[in-house]
Every structure is written in structure tokens, then in C-alpha cells.
> 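I'd like to ask some things about the structure below.
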Amino acid sequence: MVRLPYTTALTTLFSYGLLFAFGQLRDFFRKLIDWFKAKNVKGYAPICLGLEDFYVRRLYLRIQDCFGRPIASAPDSWFDVVERYSNDSNKTLQRTSNTTRCLNLGSYNYLGFAAADEYCTPRVIESLKKYSPSTCSVRVDGGTTKLHTELEELVARFVGKPAAILFGMGYVTNSAIIPCLIGKGGLIISDSLNHNSIVNGARGSGATVRVFQHNSPAHLEDVLREQIAGGQPRTHRPWKKIIVIVEGIYSMEGELCKLPEIIAVCKKYKAYTYLDEAHSIGAVGQSGRGVCELLGVDPADVDIMMGTFTKSFGSCGGYIAASKEIIQHLKHSCPAHLYATSMSPPAVQQVISAIKVILGEDGSNRGAQKLARIRENSNFFRSELKKMGFEVLGDNDSPVMPIMLYNPAKIPAFSRECLRQKVAVVTVAFPATPLLLARARICISASHTREDLLKALDVISRVGDLVGIKYFPAEPPKIAEAGHDKLE
Ligand SMILES: Cc1ncc(COP(=O)(O)O)c(C=O)c1O
């Protein structure tokens, strides 16, 4: 729950108002100039009309150097960020051949598998030689290798479901699967802060979509009761089926889903549950099995478990795990399975190897150590940030921790100053968040050492003072000071 201070809300609104007014003024003069020299109009309507790209042109481009920074190494705990410059007030950015070694607080490399790993990397290289980077074929033609079937079985065993199916992209997993599960006459009830891939999948399904207040089982129950009583629009017939869609860890909030309560409501009203574990699978739970394990939920109570390989497993692609019947249905009906090239074999091998390390099937206890480390690192970092007076969202154990910035001017100030001090952070603003709720999203990794975290805390604290984002009184910062002394 964000506690947006009243004055902060006012100053943030004022800043956006000012940017909007200046943008409009510039657009007005731009139109005048274009009107005088409008000779090159060839009868086509402009691709972007009026206000459609206003936000990008007049707000985003001013600070675009804070986003999409190219990197020149693996996204490990430290990585090389490519230096860029602009000669036209940030409208275009030119890459240089220089890089800066920065502490990486932005990648979803939760377990540290995205960098070279003694178990995974040699196996991935071997699979690259044996299978090549691409199968050049869809799953139902020549795109199913032994690795694909092995991973489907492994994923099903890992998450505790009877069967699983793979997709080449996490985003596509949601956006292509949801329309195969439900359509016209069905009802999707979606958490208000669900990821865009879920939103697009739900819209594309043709089902009626209703939203419940973020992570509120009570509001979910209200919506369910109201919708079941009313039935389908116009005909008032009963819904053909109802699916409730939630995430394990909300990627912009770092909050854990109130899964046990939500499942209880779904069972009461006979609604199916669809759980997106993109950020939680591998990252939380005693043995990395995600929020079900962490919150004591039986996977049998979740009807459809979705996840991605792009976070904890350091690879790419996504999966759906469910009953054998549902997976069979998806294999016969999902266009992303029938018509899209299958997951790259080395990417599949990376996930197989990472899961084996997590399960200890590589013959070491590195998986258990990584899981302990991510938990310790996340909880340490979160509690230190809070002691410093930052407004930090999310729950304990979650490796995602947003630090609230609010004001648009604080987005580039925070991002650029951290980068200057060799700490790379990701800042997130509208449309990925509500307009007033811009934030820096810190992602902690098991590969961060205590020294890395102390450096990060030291820099973030100093930049936080400079930018003015410590919204609460600080506790005496014992550990942070110790870290500061140590680093100096
Ligand atoms: C909750 C959620 N679902 C799905 C996705 C899409 O996954 P991918 O990036 O692997 O395509 C993301 C991406 O971050 C996500 O946060």
C-alpha cells in the first residue's frame, strides 16, 4: 500500500502539469512551423496523431538516457554499461566505445544463473554445438528436441503439477494462453496490477474482464458475488467459466500474493485460479518452488501455474504447468505452440541445468546456498533501506524492492546520480506505473556479496539525501554506517 504524502502528491502533479504545459506550447509552435513548410505531405495520415505520442516526445525523450541503457557484458552482480552522449538535448543518443563497470541492481538475475556458472555454462555450450541456437521449426514439426521434453517433465516435477508446456517467451505465454483457456461467455477477474501480458491475453480472449483491487481477497469476493449474481451481459445467463488471475510476486510492487486467501475465495465460488510466477518461481520458497511453497499452498489448489525462465533461471521462455488434460488441450489449440518456433535448445539446457542445481541434483549444495543467499540479501537490503527513511514497497523475502520517487524530476536525478557513482538502477514511471507513483526498482541477486550491498546502500543513501526521497525519519543507521566506514 503506497502512502503518498499530500504535499508530494501536489508537487508531483504540479511537475507533470508544468511539463504538459511546456509540451503543449512547444507543440503549438511546432505545428505553426510545419504549417508553413507543409510541402512533403503525401496524402498519408500521420502514424501518431496529436496527443498519441505526446508523452514520449515531450516527457520521455527528456530523460531517455535513464532507460534502455545498453550493456556490454553478462548481467552479473557487476556489469559493463555502455556510455552514451547526446548532441540534440537527449532526442537521440550516440553510443561510445567506452563502458563503465557498475554494480547491477536492475536485472532479474535472482539466483545468479545469468552469468557463467560452473555447472550450467559447459552444458549450455555442449547443447549449442549439438543442437544449434535454433530448431528452425515449430514444436509440432521438427522443433521438439529431447531437451524440450526433458524440461517439460522437469518443470512439472519442480512446480508440483502433472504436466507442463514450454513457450519461447514469457510474455507470449500469458498473451497466447489465456485466449485458449477462455473466450466469449467467460469471465476473467484480474488483479488491478497484473502484468501487461496478462492484460493483453485477457483482452484478446473475448471474455468479459473485471478487475479487483490489488491483492484484496475481500474485494475479489465482492466482484465474484456480484458477477455471479448478474451473469453474462444482456442475457444474464450463468458464466461459462470464471478464471481469477494473480501474480506470485508483483513485479512493480515486490509484494507477495495473498494466495491462500485468494484460493479460498476461488474455491468458494468455483472459479479457476491462474497464477503467474514470473518473479517468484526459483526466487522464493525453501527449495525455490515459488509462492505456493513459501505460503504453504498445495499446488493442486492452483489450476494453472504460469512462469518464466527469464528471471531466476537466467534463460528465456515461459511455461504453463497444469493437469494433463489442460496441457493436452493447449498443445492442440495454442497458436504459440503450433505456429511459433520452439525455444532455443541452449536456452532450454540452461533451465534444465539451473533447476538441477536448485534441486541439488548436480551433486552439490550450491542451489540451497543460492536460495539462502537471496533470502538473506533481500531481507537485509530491504530493512536497511527502510531504516534510512526510504519508502520501500513489497514484502520480506521478495527480491524486488521499489523505492518510491514520485516526482518526475527525481527519476533522472536519482538514476543519473547513481550511475555516476557506479550503481546501475532501473527507474520505472508511467505508463508502467500510475502517473504519480514513479519509482526505482531494485532487484537483488544471490550473487551480490555483502560488500556489494553495503556499497549500494551507501550510494543510495547519499543520492537519496541529494534528491530528497527519504520520506520518513531515519533510524540510527548502524549497519549502513559500518559499511560506509568500511568502503571508505
Ligand atoms: C508478471 C510477469 N509476467 C510475464 C512477464 C513476461 O515475461 P518475459 O519477460 O519472460 O517475456 C513478466 C516480465 O517481466 C512479468 O513480470
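These numbers come from the heavy atoms of this one structure, side chains and all, not from hydrogens, waters or symmetry mates. The first residue in the sequence is number 1, and the count goes up from there. Just follow the structure's listing: the first ligand is 1, and inside any ligand the first atom is 1.
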> For the residue pair F313 and F309, does the interplanar ring angle fall in the parallel (under 30°), tilted (30 to 60°) or perpendicular (over 60°) class?
perpendicular
> We want to know whether N104 and S107 form a side-chain donor-acceptor pair, criterion being a heavy-atom distance below 3.5 angstrom.
yes
> Considering non-hydrogen atoms of the protein only, which is the closest contact for atom 3 (N) of ligand 1, and what is the distance?
D276 OD2, 2.7 Å
> Atom 6 (C) of ligand 1: which protein heavy atom is closest, and how many Å away?
Y171 N, 3.4 Å
> What atoms of ligand 1 come within less than 4.0 Å of a heavy atom belonging to H279?
14 (O), 15 (C), 16 (O)
> How close do P260 and V297 get, counting heavy atoms only, and between which atoms?
CG-CG2, 3.9 Å
> With heavy atoms of M169 as the reference, note each atom of ligand 1 found under 4.0 Å away.
11 (O)
> If you have a sec, work out which protein heavy atom is nearest atom 10 (O) of ligand 1 and how many Å separate them, to one decimal?
T310 OG1, 2.7 Å
> Can you check whether H329's main-chain N or O pairs, donor with acceptor, with H332's side chain at less than 3.5 Å?
no
> Is a donor on one side and an acceptor on the other found under 3.5 Å between the side chain of E277 and the backbone of E247?
no
> Answer with yes or no whether S197 contacts ligand 1, where contact means a heavy atom under 4.0 Å from a ligand atom.
yes
> Using a 6.0 Å distance limit plus a 45 degree cone around the ring axis, check whether R382 lies over the aromatic ring of F380.
no
> Just which atoms of ligand 1 are under 4.0 Å from any heavy atom in N174?
3 (N), 4 (C)
> What atoms of ligand 1 come within less than 4.0 Å of a heavy atom belonging to S251?
16 (O)
> Side chain of T100, backbone of C102: donor and acceptor closer than 3.5 Å?
no
> Would you find a donor on one side and an acceptor on the other, under 3.5 Å apart, between the side chain of Y16 and the backbone of N407?
no
> So if I count the atoms of ligand 1 from 1 in the order they appear, which ones are less than 4.0 Å from some heavy atom of T308?
7 (O), 10 (O)
> Report, in ascending order of atom number, the atoms of ligand 1 lying under 4.0 Å from any heavy atom of A278.
1 (C), 2 (C), 3 (N), 15 (C)
> Run down the list M252, E247, H195 and name the one with the heavy atom closest to atom 12 (C) of ligand 1.
H195
> Provide, to 0.1 Å, the distance between atom 9 (O) of ligand 1 and the closest protein heavy atom, together with that atom's residue and name.
K311 NZ, 3.5 Å
> Where does T173 meet ligand 1, judged by heavy-atom distances below 4.0 Å: at the side chain, the backbone, both, or neither?
neither
> For the residue pair M404 and L437, what are the closest heavy atoms and their distance?
CE-O, 3.6 Å
> Which ligand 1 atoms does G170 reach within 4.0 Å, using its non-hydrogen atoms?
6 (C), 7 (O), 8 (P), 10 (O), 11 (O)
